[in-house]
Amino acid sequence: MKCNGAFNWRIILCVLFVLSNRFYTFAQNGKVSLQLEHTVGNLTLALDSLFQNSLGEPFSVRKFRYYISNIRFVHADNKKSYLVKNRYFLVDETNPVSKIITVSIPPGKYSSVSFLLGVDSLKNVSGAQTGALDPLNDMFWTWKSGYVMAKMEGRSPVSNLPHKMFEYHIGGYKGAHNVLQRAELRLPEILNILPGTVASINIQADVNAWFNAVHSLAIAQYPACTSEGALSRQYAENYIRMFHIQNLSLQ
Amino acid sequence: MRLWLTISAIFIVLLIFIVFQLSFIPGSIHVQPIKQRIPEGFPQPVYEYKNNPLTREGFELGKRLFYEGRLSKDGYTACASCHQQFAAFSDFEHVFSHGVDNRFTLRNAPPLFNLAWHTDFHLDGAINHIEVQPLAPLTGFNEMATTIDSVIEKLKQDAGYRKMFKKAFGGEQINSQKILHALAQFTGSIVSADSKYDRVKKGKAVFTEWEQNGYEIFRQRCATCHTEPLFTDLKYHNIGLATDTFLNDRGRMAITGDKKDSLKFKTPSLRNVSRTAPYMHDGRYWGLSSALDHWQTRNASDHTADSLILNGQPLEKMEIKYLVSFLHALLDTTLLKDPRLADPVPGNRIHSPGQ
């Protein structure tokens with residue numbers, strides 16, 4: 001019996017040794033979650049419920065999806081930064097889990113976070129993808145290759161389209177059509193990541209910005225924007241301003 | 001004894017651990033790699049299967065999918081329905097192709113070969129990668145008119161496909177990426193480089209006098225855009241074709257939004273051109289000499305046409321005859337009959353005028 005006990009002990013030690021080697025690099029990092037909350041002004045967005053945009057137009061949202069990629073954390077002291085490579089996240093209002101984006105980052109003191117709203121141009125021309133980038137997610141134009149970076153659909157009594165609907169499918173990764181924008185968000189305090197730290201950054205995304213930020217884009221005037229071009233770029237310049245950091249929390 | 005037991009136990013645990021980890025490395029599935037064919041004198045291909053290793057199993061699956069009618073709404077319209085091998089994978093003698101529900105496409109189906117050398121696809125360059133191209137015809141309402149989910153669902157229900165996917169990519173899971181990777185393994189492997197022209201270049205054949213005359217005229221007058229050895233510069237040109245007022249096809253401009261791209265279409269390869277009638281993006285010309293007549297009778301008043309067209313001398317009647325002779329020497333009969341590219345399903349019931 002005693003013999004068996006010692007025997008198991010050694011095996012456990014051995015397995016632990018192998019495992020610890022394998023996860024050593026991960027254990028050194030901390031974890032940061034970007035927790036997104038979709039709002040209209042200060043009201044929490046609820047699908048198919050009536051809200052009013054800051055141009056005074058009533059509207060309700062049916063679909064609200066966008067890609068986040070190339071997340072970058074900037075160090076407070078030197079201006080170095082850490083880029084989260086090759087991770088693509090599809091945020092979808094209908095899927096609460098998608099609104100929490102967790103990444104692993106090395107220890108350090110960080111002062112700001114930024115991310116690309118959309119899928120970078122390189123990935124747009126890299127062939128068949130899977131996961132968040134699977135064309136099944138209905139965020140890929142099949143008749144003219146490229147990802148829809150952000151999509152919002154809904155209804156508004158001021159729309160002149162059938163069913164009073166509005167549809168914004170914003171895409172384009174190349175030249176004059178490029179809608180890729182980077183949201184740069186300064187953290188309200190320095191985020192100190194130690195090995196094993198779990199932190200969350202609560203970010204508010206205000207849908208209002210789509211209609212009214214740099215450009216005033218009333219639903220009555222523009223109920224649809226579903227192809228690349230100048231109008232898409234205006235929406236992109238607007239929606240990139242929808243993000244605001246609410247607070248940081250450490251666990 | 002106890003020490004021995006312990007040491008051997010540790011070894012066994014380690015071994016199990018290593019084997020367990022190895023099973024997650026995709027390379028450990030048993031596949032037969034295929035070397036991509038790059039014909040002598042061809043440039044380096046654009047698509048080199050970097051993220052999609054070319055294997056016998058992947059190629060065979062891709063071929064099966066290419067000839068699969070279930071990739072469409074009606075169950076009978078396959079890729080091969082409009083891209084037939086005997087027509088160099090173009091749609092034999094069809095101005096426009098027939099999609100499901102008696103619908104027509106709005107452009108003439110291009111032949112498929114040497115696609116691994118293309119940077120973008122379709123006559124207007126709408127598609128930026130060989131792997132994502134099939135999504136356009138699959139979902140096009142006037143082509144195969146289906147959805148990706150419905151295709152995946154149909155394939156999942158077929159034990160034969162589950163087996164083929166497992167053999168090619170490991171794991172029975174079928175997803176869009178695997179379907180598209182397999183199709184690219186097949187379409188990218190269609191290589192045309194065995195015409196009489198190629199044999200002449202290798203010193204294994206001799207042009208006839210007319211072919212030789214044609215080749216010389218070709219080199220002076222056509223080769224700028226129909227660049228050897230692919231016989232296309234892979235660029236977009238407006239060759240001064242009168243706009244069809246019904247189709248109003250603006251070509252490349254619809255993709256780039258740039259007025260300078262109005263009426264530009266991708267230069268088609270001249271390889272196998274004697275098998276791909278009718279000609280031009282809208283299939284307006286039947287026969288090689290009528291297509292070539294365009295350069296004799298073209299409307300020079302269209303100042304938006306490419307300068308090479310505007311400033312070029314019209315072709316003489318005899319020059320056209322010589323050119324036609326030369327163009328026939330670009331037919332690759334090996335490609336048209338290659339059993340490796342043929343329909344793997346005996347008695348396959350897909351729409352096709354050749355069946």
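Throughout, a chain's letter reflects where its sequence line sits, starting with A, and its residues are numbered from 1. All of these numbers come straight from a predicted model, not from anything done at the bench.
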Check whether [X] gets within reach of chain A through its side chain, its backbone, both or neither, counting any heavy atom under 4.5 Å.
{"X": "Thr147(B)", "answer": "neither"}
{"X": "Ala254(B)", "answer": "backbone"}
{"X": "Ser176(B)", "answer": "both"}
{"X": "Asp149(B)", "answer": "both"}
{"X": "Leu138(B)", "answer": "neither"}

For Arg62(A), is there an ion pair with Asp48(A) - N to carboxylate O distance below 4.0 angstrom?
yes
Is it true that Arg64(B) and Glu60(B) make a salt bridge, defined as a side-chain N closer than 4.0 Å to a carboxylate O?
no
Quick one about Asp120(A) and Tyr88(A) (side-chain donor to acceptor, distance below 3.5 Å, no hydrogens or angles considered), yes or no?
yes
Minimum heavy-atom separation for Gln177(B) to Ala128(A), with atom names?
NE2-O, 3.0 Å
Contact part of Ser227(A) toward chain B, heavy-atom cut-off under 4.5 Å: side chain, backbone, both or neither?
neither
Cation over ring face, Lys156(B) and Phe165(B), 6.0 Å, 45°
no
